[in-house]
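Here the structure comes first, spelled out in structure tokens, and everything after it is commentary.
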Amino acid sequence: AGSERGVAFRVALLTPGPITDQSWNSAAYAGLMRIKDSLGAQVSHIQTKTPAEFDENFRQYGASGYSLVFGHGFEFQEAAARVSPEYPNTIYVTTGGISMGKNLASMSFSFDEPSFLAGMIAASVSKSDIVGCLGGTELPPVKASFLAFRAGVHAVKPRATVITAFIGNWDDAAAGKEQALAQIGRGVDVIFQNADAAGLGVFQAARDSKSVYVVGSNSNQNEVAPRVTLGSVVIDLPHAFITVAREVKAKTFQARVIQFNTRSAVVRWVPNPATASLLSARAISMVDSVRATMLAGHFSLPAGR
Amino acid sequence: MSRARAWREALPVGAVAGALLLVAVVVLVSAGADLRTALSALWIGSLGSRYALLSATLVRATPLILLGLSVTLAFRAGVLNIGAEGQFIAGASAGGAVALATAAVLPGPVSLLVALTTGVVAGGVWAAVAAELRRRFGVLEVISTLMLNFIALYGVSYLVHGPLQEPTHVYPQSATLPMVARLPFVFDGQRLHVGFILAVLLGLALWYVFARTAAGFRIRITGAGAAAAASAGAVDTARVSFLAFIASGAIAGGAGAVEVTGVTYTLFERISPGYGYSAIAVALLARLHPVAVIGAGVFFGALEAGAAAMQRDAGVPSQFASILEALAILGVLAVDRLRARRQEAAP
Amino acid sequence: MSATSAFAEAVVRVATPLAYAALGELVVERAGIINIGLEGSIIAGAYGALVFAGHGGAIFGVAGALLAGILLATLFAVFVLVLRADQIITGTAISMLALGTTGALYQTMYGSVGAALTTPTFAPMVIPGLSSLPVVGRALFAQPVMTYPLYLLFPILAWWLYRTADGLALRAVGEKPSAAAAAGISVSRVQWLALLFGGAMGGLSGATLVLAQAGTFLEGMSAGRGFIAIAIVALGRWTPLGVAGAVLLFGAAGALQFLAQAMAWPIPYSISLATPYVFTLVVLAVARGRAVAPVALGAHRE
Amino acid sequence: MSDPALSLRGVSKRFGRTLALDGAELHVQPGTIHALLGENGAGKSTLMRIAFGELRADDGVVALAGTNREWSSSADAIAVGIGMVHQHFTLVPALTVAENVALGDRGFWGGYTPARAAERVRKIGTQTGLVLDPTARVADLSVGAQQRLEIVKALARNARVLILDEPTAVLSPRESAELYGWLREFVAGGGTGILITHKLREALTLADDVTVLRHGRTVLQSAVSEVTEASVVTALLGDARGPRVGSARRSPRGMRTDAPVVELRRVSMKDARGVLRLREATVAVCAGEILGVAGIEGAGQFDLLRILAGRRAPSSGTVTLPSRIGFVPEDRLRDAIVPTMSPAENVALHDARHFRGHMPWRELESEAVAIIAEYDVRPTDSATIGALSGGNQQKFVLGRELRGSPQLLVVENPTRGLDIRAAAFVLDRIRSAQDSGCAVIVYSSDLDELLTLAERMLVCHAGEVREVPVEMEAIGRAMVGIT
Ligand SMILES: Nc1ncnc2c1ncn2[C@@H]1O[C@H](COP(=O)(O)OP(=O)(O)OP(=O)(O)O)[C@@H](O)[C@H]1O
Ligand SMILES: Nc1ncnc2c1ncn2[C@@H]1O[C@H](COP(=O)(O)OP(=O)(O)OP(=O)(O)O)[C@@H](O)[C@H]1O
Ligand SMILES: [Mg+2]
Ligand SMILES: [Mg+2]
């Protein structure tokens, strides 16, 4: 396939999972659609099943003259680093990670800031002083976010217990629910979930139990189960994607590690109004003051226990 | 067979063929894909260009051929080893680990050789667990290998989060192999690595073993008539099937090491998207003939590459790859069986 | 709620979808057939439950699951019984087809927004009196309604298999089809019915996942339960009561794995996820797996 | 004359290229025993399976007591009182006697219960003398008991016309006698029997009428009183030249030596469960000698013969065997051939363990051709051994095992299921092996056959091996343990 430069602005997305997960992958797909709608780009999406396919697809998009290719996850970094030098006219961006090259960039999300806030809120709401984290598999952004959450919990209640569990996959919702119920059985009354599709089972578990609350992640999941959701640690992926795509289209893009944090409003804590009454005034003011330091750029995670 | 009877039997078959076709078209069209664009993507993405052939189709075909040969060897010996998946993972893990450990101290080719050998051994050992359970306790290998697949899956997950995790201990994957520890490419600028050549050679070798050698003959009679092989041939069939089981695992383990040193260069949790299961279809569609396995492997590789192109270029949903593969298997089965029956019915 | 009781409840929940699938596969294997396409029936059942429940409530969802499971089993039966194609390869293809088709249909029908948790579900149905039994009371009698039929299905199957002429016919077909045929039994009719029953049970397994547990459909949510069910049938040595026991063992191994993480026992989670499978291997070795399998299991009939 | 109980008129049936039946006729009068005779492959089993509704005729009529019938399956035939005991067992080994009898019963609620089925078995036992333990697993039954069970199965469905396809092929003489005694009673009580057998003499003493098939056509229909053995043989074979069936025992020939080539000394054998199957057996066989072995099912001869053939190692004792051994086991289809493979591959099967490196396929192919020619295996161009009939498979196996002049030949039931021509041929080959100096050990459940072949006799009883005189009386007594 020859490259037909300048014919159209073409953008591609590689996701590691199904775009129906209402979380990590569906948000990226929404970003791709936003690029299509706002910038009039021609878009293409492919779901990869195995690392063996990363290289192949990066190459195919490069060879067909795409301007911008997103690899949606830190795991795409190495393949992107291998392929990008061969297709200098295509810009490769991985979501997560720290790689950069001439036409290679990565988006890095300061997930820890809103996760810390979520931890503070979870600690305030918890009556048992036991809160849980529940992930799909042990991926770096998930782990980092759980650590920040734990720090947030301990900032409010230094003696609270935080337990962490992983389901082992991202799509077995029944297992997600069962893992949540196991935590609830242990006394957990707030669960921070980051398990994509399988995480839907966590909401289901909270709905079935009395006074157990969930913190969502990646997308704004407040509408999934409004009565039991305290809020969501949101990455506004569509916003991040279109920011990058605009620069690429305008040919002003500089290869770099693009930091998105609370200040850039891409990564943020979105409280759920439906459960706002659970928070005491004291808790709200405490959270607001920490958020202020984040917005000012002065926040750093306290050293963990 | 009377005409009425022929109709009665042809009817459900026709219905199934129609239904399969309908499913394919409904999925395509309801996904908003243009049928013509989709089909042309399928062709161009699989065999329609030198690049598609050498960088997509044959690269994907390599593990399928190797695992198809592993399954063929086992099934020919009467061993229902459906554990190629787990043995592949075991070989990938061990081969990858050894390649990483030795790349710095040994010359490249030596390190590579040691890594591939380790993969072979690891796959053999993983199969040996099931072989021993069968020999000593009579555990059905269909069940035990299935269990071992799950165990391997979680085992590799443990490894990439633990002992084999890359140095920064951030990502759930191993460090990346240095250039010297990678399998060389066959053509410049194409991703096809020498693993494909190994796979083809192994297919020919296995065919030769079955057709011409005494060991191959003993494997075949053990699979086709174990009691007769033991009685008339005085063959120790338990030993033959035990060894064939382990050899089959060794091939699958080698395939895993080839995948890590030839394609991914890194050990991941999802190192296999289910190659071991697809390989059963590859082997059986090839009627357990080693040379035909090469063809069947390439066919499936082309299907997968073509399905990926349909996703990229025609907006067909990703699930269509597995639908296409399944329909291809069922289609081949139906045609094959119908022809067999016509032959049986012919006077 | 005591810890033991909570654990027992988890055991029953984990076991329920497995129990349906294994029950169906038990009947299928007793007819001499291994249906690796069971995974397909489960995911199809889950999808059928989603679509139908969305239109007519949870009960309607069960009907949808039955229909979808049976549809898949019919496809399997046409290939294996009419065309006499290989069972393992057909089963593999059908699982692949069902996983792909449900995923694609879900994506096109519900878009990338998904169906969220909007599916009507069964709430736990507490049976007064029985549910206040110590330890097992809540585990057995405060479950969603999908669980209760199993308490009848297992004993009924045990009775039917050993005490009725039809059960006898099924056993004979799995052991020696030629002898069954000589006795005037239609082997293919028995195998058809067994497969359709197996498909229906696979469908109910999927329905349980959607309507009684997750409250939503997800691509690939069957997560290998069809394969596990096949192992359970072997572990249960092809008898209804054995399978019931094996299902509970698997449920316990699964629940223990959840508990291990919830109690923060110092085991890497991937290791605790692998334990049910290691456990099965050990039990099979100790119980000696081969001797009791139906003789004609998986045999290729011409 | 009344309507025939069963009547088959102008029945034709084709299997692929084979025309198995070509307008065959059979008319069976009620209350008689009717012998159906014919060479291997003449179409006897096929004709009876059509009468039983298991196969559908391409052409022709089945009539029962004067009424034309169409079966859609054997269930229809069973329902109107036809029973069939097949040439090969149609029992389910894993099930009990009672369950096998109840198999095929209809009805979800009524009818079958395990207790009622057991009761039925006991009742038939007391009525007919065919006594069986209803709770025994069929896998644990002796062959004779399995044959009884097959008949009980038919009777349990109220069979009035009973087809017996080679029922005595697997029975000991005493069991055969019992069976025939019972058959006479059955007929005397108003039943009708159809008997297929290759044992001509038995047929002619037992039956009232006889029908002979040749190449799918009926070539003789007559009352037994109006035929002679010779006229039946002529009808069977289609020419006047009867086969040479050696009836007298021959004296030892020249090749005979007195140094034993085979020697077992105090050899014992335990099975997997540790049960003693064979106790301290001592056996010696010389070159050029034929040793006969007899024993009822499970008496230990199975292990003895396998030890003698070098197929199994004993638990204790010393064994001396020659290097070249031929072995024709009882279950040929399972233990001697791989049905899906070619003749050449089945030649290679013999001692497959000893091949090294490359397989000499070209030589093996010419050997296969030679065996097929020399042993008259038909058809000569069969692609797989499985496509041959049982008799031709038997000839092929014998030819293979005698290839390369073995020093010892161990044969089990050499003529089981063979027609008289093939049987004579096989016996002839065994004798010429002996003539060329081969030591031969023959096991047979047919005592007449042993008497014509053996020079010395061993009898197994309950794991003990004893040498007895070559006399019917002595052998028969030793088999049941009377010393
Ligand atoms: N699978 C098959 N493919 C082709 N032909 C077959 C097949 N099975 C049987 N036949 C044909 O049928 C005959 C075998 O039938 P069967 O075993 O009933 O023989 P038979 O008539 O009982 O002879 P015998 O007395 O020698 O055993 C062979 O002559 C062969 O030509
Ligand atoms: N299932 C079958 N498929 C193909 N050919 C068959 C089959 N059954 C029988 N035949 C053919 O029909 C012919 C008649 O077979 P049949 O079994 O009726 O012979 P038979 O007289 O019973 O012989 P035997 O005395 O050996 O039992 C055989 O020669 C064989 O060629
Ligand atoms: Mg016959
Ligand atoms: Mg025969």
Side-chain angles (χ1 to χ4, degrees), chain A residues 17-23 25-30 32-33 45 47 130 132 134-135 137-138 161-188 196-208 219 221 223-225 228, chain C residues 1-7 9-11 13-14 16-17 46 103-104 106-119 121 123-124 144 208-210 212-225 251 254-264 268-270 272-274:
Chain A
I19 54 173
T20 48
D21 65 352
Q22 300 188 52
S23 185
N25 298 302
S26 69
Y29 191 71
L32 188 71
M33 290 299 115
H45 161 251
Q47 179 188 331
I130 312 178
L134 219 166
T137 63
E138 206 176 341
T161 309
V162 182
I163 55 182
T164 301
F166 294 94
I167 295 159
N169 61 61
W170 299 89
D171 40 41
D172 188 345
K177 180 179 182 186
E178 203 52 51
Q179 188 68 70
L181 288 172
Q183 292 196 341
I184 293 166
R186 167 88 195 276
V188 165
D196 292 359
L200 295 177
V202 180
F203 289 97
Q204 190 68 23
R207 288 211 304 202
D208 291 355
S219 298
Q221 296 187 309
E223 292 309 312
V224 172
V228 298
Chain C
M1 178 164 53
S2 80
T4 346
S5 166
F7 178 74
E9 279 181 56
V11 171
R13 278 192 306 262
V14 175
T16 302
Y106 181 59
Q107 194 166 316
T108 44
M109 283 173 70
Y110 295 84
S112 63
V113 192
L117 300 180
T118 54
T119 315
T121 55
T208 307
L209 291 176
V210 170
Q213 302 197 343
T216 187
F217 175 87
L218 293 166
E219 204 178 325
M221 75 184 300
S222 48
R225 286 182 177 82
L256 193 66
Q257 177 274 119
F258 292 121
L259 190 67
Q261 291 201 58
M263 302 308 285
Y269 81 95
S270 36
S272 63
L273 286 171

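To find a chain, count down the sequence lines: A is the first, B the second, and so on, and within it residues start at 1.
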- prompt: Should C:Met263 and A:Arg186 be marked as a side chain to side chain contact (heavy atoms under 4.5 Å, CB included) after you check the CA-CA gap, both sets of side-chain angles, and the distance that decides it?
  reply: CA-CA 7 Å; C:Met263 302 308 285; A:Arg186 167 88 195 276; 3.2 Å; yes
query: Measuring heavy-atom distances to chain C, does A:Ile130 have an atom under 4.5 Å in its side chain, in its backbone, in both, or in neither?
result: neither
- prompt: Can any side-chain N or O of A:Gln179 pair as donor or acceptor with the backbone N or O of C:Phe258 at less than 3.5 Å?
  reply: yes
task: Might you point out which heavy atoms bring C:Glu219 and A:Asp171 nearest each other, and give the distance in Å?
output: O-CB, 3.6 Å
query: At their closest point, which heavy atom of A:Asp172 faces which heavy atom of C:Met221, and how far apart are they?
result: OD1-O, 3.9 Å
query: Does any heavy atom of chain C fall under 4.5 Å from the side chain of A:Glu138, the backbone, both, or neither of them?
result: both
- request: Answer with side chain, backbone, both or neither: which region of C:Ala212 has an atom nearer than 4.5 Å to a non-hydrogen atom of chain A?
  value: backbone
query: Which atom pair, heavy atoms only, marks the closest approach of A:Ala174 to C:Ala214?
result: N-CB, 4.1 Å
message: Please check: side-chain N/O of C:Gln261 versus main-chain N/O of A:Phe166, any donor-acceptor pairing under 3.5 Å?
response: yes
task: Test side chain to side chain contact (heavy atoms under 4.5 Å, CB included) on C:Gln107 and A:Ile19 and set out the steps.
output: CA-CA 8 Å; C:Gln107 194 166 316; A:Ile19 54 173; 3.3 Å; yes
statement: Most heavy-atom pairs under 4.5 Å with chain C, out of A:Gly168, A:Ala175, A:Ala198, belong to A:Ala175
- prompt: Checking side chain to side chain contact (heavy atoms under 4.5 Å, CB included) for the pair C:Glu9/A:Leu181: CA distance, chi angles, key distance, verdict?
  reply: CA-CA 10 Å; C:Glu9 279 181 56; A:Leu181 288 172; over 6 Å; no
- line: Cut-off 4.5 Å, heavy atoms of chain C, and the answer for A:Thr137 is both
- request: Work out which heavy atom in A:Ile163 is nearest to a heavy atom in C:Ala264; give both atom names and the distance.
  value: CG2-CB, 4.4 Å
